[in-house]
Amino acid sequence: MNLLLQSLFFLSLSSIVAFAHESHPLPRPLIVEYPEKAHADGGGDEEEARMRCTSWRIAVEANNLKPWKTIPPECAGYVKDYMMNRGYGFDLEMVAKEAVDYARSVELGDDGKDVWIFDVDETLLSNLPYYVDHGFGLEVFDGHQFDIWVGKAMAPVIESSLKLYNEVVALGFKVFLLTGRSELQRSVTVDNLRNAGFQNWDKLILRGDGDHRKPAILYKSERREEMAKEGYRILGNSGDQWSDLLGSFVSNRSFKLPNPMYYIA
Ligand SMILES: *[C@@H]1O[C@H](CO)[C@@H](O)[C@H](O)[C@H]1NC(C)=O
């Protein structure tokens, strides 16, 4: 090969490699090396147990499981590792990135009627400090204890969601917060959201007197129906529970944030 051809070849190869890196969030090694013998030392049982818990978590995220009250006891360590190490953060970032890409891609009307809905708990605010003390979902949910925690207004921000939130506000979406929390928790919720960095939402919708016995999926559908009747177009919806996203008057696109700790119908 002459020098010109060689450098052309090199250029095009490097641009392919650069492109491959740009378009994929994960590093793509060009050469994959498999280990000679995986777990020849008999570590296979532990590995298999982890894989079973991964299968369970994927079934949770894909909404394939029937309603569940606690995480499987054998996955307690697995869920803890996932939540406390980088897995959870990576999954949150992946969802937020897709949501930002979508938000930027839609053309908004000029009537101010395009809406993005956010759930609050495990979507904008993290209750992980509470769940650290309650077995990461191993304990049956205790509404009384949880309300005491909520009353402290100390739930930290979910950073990737704050980025998405600021982006959709800047793009001109109306932002409606639709939470299963009670109207009685409005002021602590406002305090907590503000302390965590959230500003400029257009509505904060909490459960009123008539809503407390309703399954979340019904309560949230009813509130979305009201929005639709007021002429709003629900273009994006972010939530950690499928009951935030499914039902009626669903959003054009829904973004399911990870949550292997609890299930709300
Ligand atoms: C949202 O969905 C509706 C109904 O499918 C569709 O008519 C509309 O064009 C969608 N809007 C955007 C911005 O994609």
Side-chain angles (χ1 to χ4, degrees), residues 19 22-26 58-65 90-125 157-181 193 196-208 210-211 214-259 263-265:
F19 176 77
E22 248 167 48
S23 58
H24 293 288
L26 306 175
I58 289 171
V60 166
E61 296 302 346
N63 201 25
N64 283 330
L65 295 189
F90 284 151
D91 286 344
L92 287 170
E93 282 163 20
M94 175 77 76
V95 184
K97 183 191 173 298
E98 286 298 319
V100 166
D101 287 352
Y102 164 70
R104 287 178 182 161
S105 77
V106 290
E107 217 174 292
L108 303 190
D110 48 21
D111 55 1
K113 291 286 193 179
D114 296 299
V115 172
W116 198 290
I117 299 175
F118 288 95
D119 167 54
V120 172
D121 292 296
E122 267 56 65
T123 298
L124 299 183
L125 301 177
V157 63
I158 294 182
E159 282 293 345
S160 50
S161 294
L162 179 57
K163 278 194 202 126
L164 168 64
Y165 181 101
N166 287 333
E167 180 81 27
V168 302
V169 169
L171 286 167
F173 285 88
K174 287 276 183 305
V175 169
F176 292 171
L177 311 185
L178 178 50
T179 171
R181 289 185 178 195
L193 286 165
F198 296 97
Q199 295 161 36
N200 301 323
W201 57 83
D202 297 282
K203 283 184 201 223
L204 169 59
I205 303 165
L206 304 101
R207 276 185 202 248
D211 297 321
K214 282 176 197 163
I217 192 166
L218 176 62
Y219 153 70
K220 294 199 169 186
S221 293
E222 287 177 355
R223 296 310 168 94
R224 287 196 303 271
E225 179 172 2
E226 288 167 15
M227 296 171 199
K229 287 193 171 146
E230 290 165 20
Y232 291 108
R233 295 178 294 273
I234 304 167
L235 297 186
N237 187 3
S238 298
D240 66 294
Q241 297 291 319
W242 281 105
S243 54
D244 298 329
L245 309 173
L246 298 177
S248 50
F249 298 88
V250 296
S251 174
N252 276 40
R253 280 207 52 190
S254 295
F255 294 91
K256 170 67 174 70
L257 280 69
N259 184 357
Y263 173 88
I264 297 173

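For ligands, and for the atoms within them, numbers begin at 1 and follow the listed sequence. Sequential numbering from 1 along the given sequence is applied to the chain's residues.
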Taking Phe176 as the fixed residue, which of Tyr232, Trp116, Trp201, Phe118 is the one that meets the ring-ring contact (aromatic ring centres under 6.0 Å, His included) rule?
-> Tyr232
Arg224 and Asp244: salt bridge (Lys or Arg N to Asp or Glu O under 4.0 Å), yes or no, with the steps?
-> CA-CA 10 Å; Arg224 287 196 303 271; Asp244 298 329; over 6 Å; no
Could you walk me through whether Asp240 and Lys256 pass the salt bridge (Lys or Arg N to Asp or Glu O under 4.0 Å) test, one step at a time?
-> CA-CA 5 Å; Asp240 66 294; Lys256 170 67 174 70; 6.0 Å; no
Please walk me through it: do Val115 and Glu230 pass side-chain contact (heavy atoms from CB on, under 4.5 Å)?
-> CA-CA 12 Å; Val115 172; Glu230 290 165 20; over 6 Å; no
Applying the side chain to side chain donor-acceptor pair (under 3.5 Å) test to Lys220, which of Thr179, Asp119, Asp211 qualifies?
-> Asp119
Could you check ligand 1 for N or O atoms lying under 3.5 Å from protein N or O atoms and list the pairs with distances?
residue, atom, partner, partner atom, Å
ligand 1, 2 (O), Asn252, OD1, 2.9
ligand 1, 2 (O), Asn252, ND2, 2.4
ligand 1, 11 (N), Asn252, ND2, 2.9
ligand 1, 14 (O), Asn252, ND2, 3.4

Under the salt bridge (charged side-chain N to carboxylate O under 4.0 Å, His left out) test, which residues partner Glu225, sequence neighbours left out?
-> Lys229
